[in-house]
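Nothing here was measured: the structure is a model prediction, and the numbers come from that model. Residue numbers begin at 1 in each chain, while the letters A, B, ... track the order of the sequences.
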Protein chains: 2
Amino acid sequence: MVTYGGGVTDDDLVFKALADPTRRFLLDLLFQRDGRTLKDLESGLEMTRFGVMKHLKILEDAGLVVTRRSGREKLHFLNPVPIRIIHDRWIDKYREREVSALLALKAELEEKDGS
Amino acid sequence: MVTYGGGVTDDDLVFKALADPTRRFLLDLLFQRDGRTLKDLESGLEMTRFGVMKHLKILEDAGLVVTRRSGREKLHFLNPVPIRIIHDRWIDKYREREVSALLALKAELEEKDGS
DNA sequence: TTGACAGGTGACTAAATGGTCACCTATGGT
DNA sequence: ACCATAGGTGACCATTTAGTCACCTGTCAA
C-alpha cells in the first residue's frame, strides 16, 4: 500500500538537502576525503562562511553528514545510508540487475570511445 | 578532481525533481505499477489536473519518467537509471558493502521486533 | 589575559517554486 | 457530425529558499 501523508517527513529533509548544487558539491568533497572542517570546506567555494555553514547544517539535519567536535574545530563526515535508502525505494532486485548491466555497458563503450 | 561549475547541469534536473513530495509519490505509484495515464495518476492525488501535469513534466524532463503515446492517452513509465547514478556518485564498493550489511541487519531486527 | 581564530545565531532581501485558473488542441465513440 | 474525454499552454499569486550581514560564543597560544 502506497500512501501520501502531509507534513514534513524524514525523507523530505534528505531530498531537500540534495536539491542544491552547492550541497551536492560539499558531499562530493567529503566523498573524496572525510573529516574536514568548515574552514577547509569553505575555501573550496566562492561563498561566504555563513552560506557554507547554512548548507552544512541542512546536510547534517538530513543525516547526510555527521560531525564530531575536536577542540574548537568541527569535523564533517559523509553518511551514505540515506543515499542507499533512496536507491532501494525505487530500484528492486529485478531493476537493479538490468540497470547495473546497462550502466556497465555504457561505461565500457565510453572507455573505448574516449568520450 | 572534483569541480563545481555554475549553470543548470543535467543532474540538477533530477535532484530538483526529487525534491518535491508529490513527485516522489508519483514515482511510488509508477514503481508499484507502470504505464499509467495522467487521469489515473491524478485520481490518487488531492490536486488539480494541472498540478499533476506540471509535476509529471518535471519528472519527464529529468528523465525519471519516460512516456509513450497511445491514441489520446499518454502512458508513463518509471526510469530507474538516474536513481542508480545518484547511488554510484556517493557510494563506492567499500561503502556499499558496509551499508547493505547495516540495512539488512536493521531490517532483520525490525522483523523480529514488529516495529 | 589578551588577541587571533573557529564556529554559531537571527534578521533581512532577492530569486525560485508549487499550485490554480482561463483557455486551447486532438482523439474516440455513437 | 457531434460531444465527451484526455491532454496541453501561459499567466498569475503565495510560499519557500539561497545568500549576506551585524553581532555573539568558545578555544588555543604567546
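One can place CG of A/L26 at 13 Å from C1' of D/dA18, the figure rounded to the nearest angstrom. For B/K39 and D/dA4, the NZ to C1' distance is 11 Å, given to the nearest whole Å. Atom CZ of A/R24 and atom C1' of D/dA18 are 14 Å apart (whole Å). As a whole-Å value, the separation of B/K54 NZ from D/dA14 P is 15 Å. Rounded to whole angstrom, the span from the CD atom of B/E73 across to the C1' atom of C/dA26 amounts to 13 Å. Rounded to an integer number of Å, the gap from CG of B/L38 to P of C/dA26 is 18 Å. In this entry the distance linking NZ of A/K74 with P of D/dG26 reads 15 Å, nearest Å. Atoms CZ (B/F50) and P (D/dA11) sit 16 Å apart, rounded to a whole Å.
For B/K16, whose side chain is taken as the heavy atoms from C-beta onward, the closest listed nucleotide among C/dT20, C/dT17, D/dG7 is C/dT17. The nucleotide whose nearest atom lies closest to any side-chain atom of B/M53 is, among D/dT20, D/dG8, C/dC5, D/dG8.
Among the atoms of the strands shown, only primed sugar atoms or phosphate atoms (P, OP1, OP2) are found under 4.0 Å from some heavy atom of A/M47. The residue B/G71 sits close only to the backbone: its heavy atoms come under 4.0 Å of sugar-phosphate atoms, none of a base.
Dashed line: the shortest gap from a side-chain N or O of B/T48 to OP1 or OP2 of C/dG19 is not under 4.0 Å. The side chain of A/H55 places an N or O atom within less than 4.0 Å of a non-bridging phosphate oxygen (OP1 or OP2) of D/dG19.
No donor-acceptor pair closer than 3.5 Å links the side chain of B/S70 to the backbone N or O of B/E73. No donor-acceptor pair closer than 3.5 Å links the side chain of A/D61 to the backbone N or O of A/L13.
In the interface, the side chain of A/R49 is not paired with the base of D/dG19 through any donor and acceptor atom under 3.5 Å apart. In terms of polar N and O atoms assigned as donor or acceptor, the side chain of A/R69 never comes within less than 3.5 Å of the base of D/dG26 in a complementary pairing. With hydrogens and angles left out, the side chain of A/K57 and the base of C/dG8 share no donor-acceptor pair within 3.5 Å.
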Step-by-step side chain to side chain contact (heavy atoms under 4.5 Å, CB included) determination, A/L18 to A/I83 = CA-CA 10 Å; A/L18 290 173; A/I83 302 289; 4.2 Å; yes
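Counted by atom type alone, A/H55 and A/R23 present one or more donor-acceptor pairs between their side chains at under 3.5 Å.
No more than 12 heavy atoms of other residues, nucleotides or ligands lie within 6.0 Å of CZ in B/R97, so this atom counts as exposed by the packing criterion.
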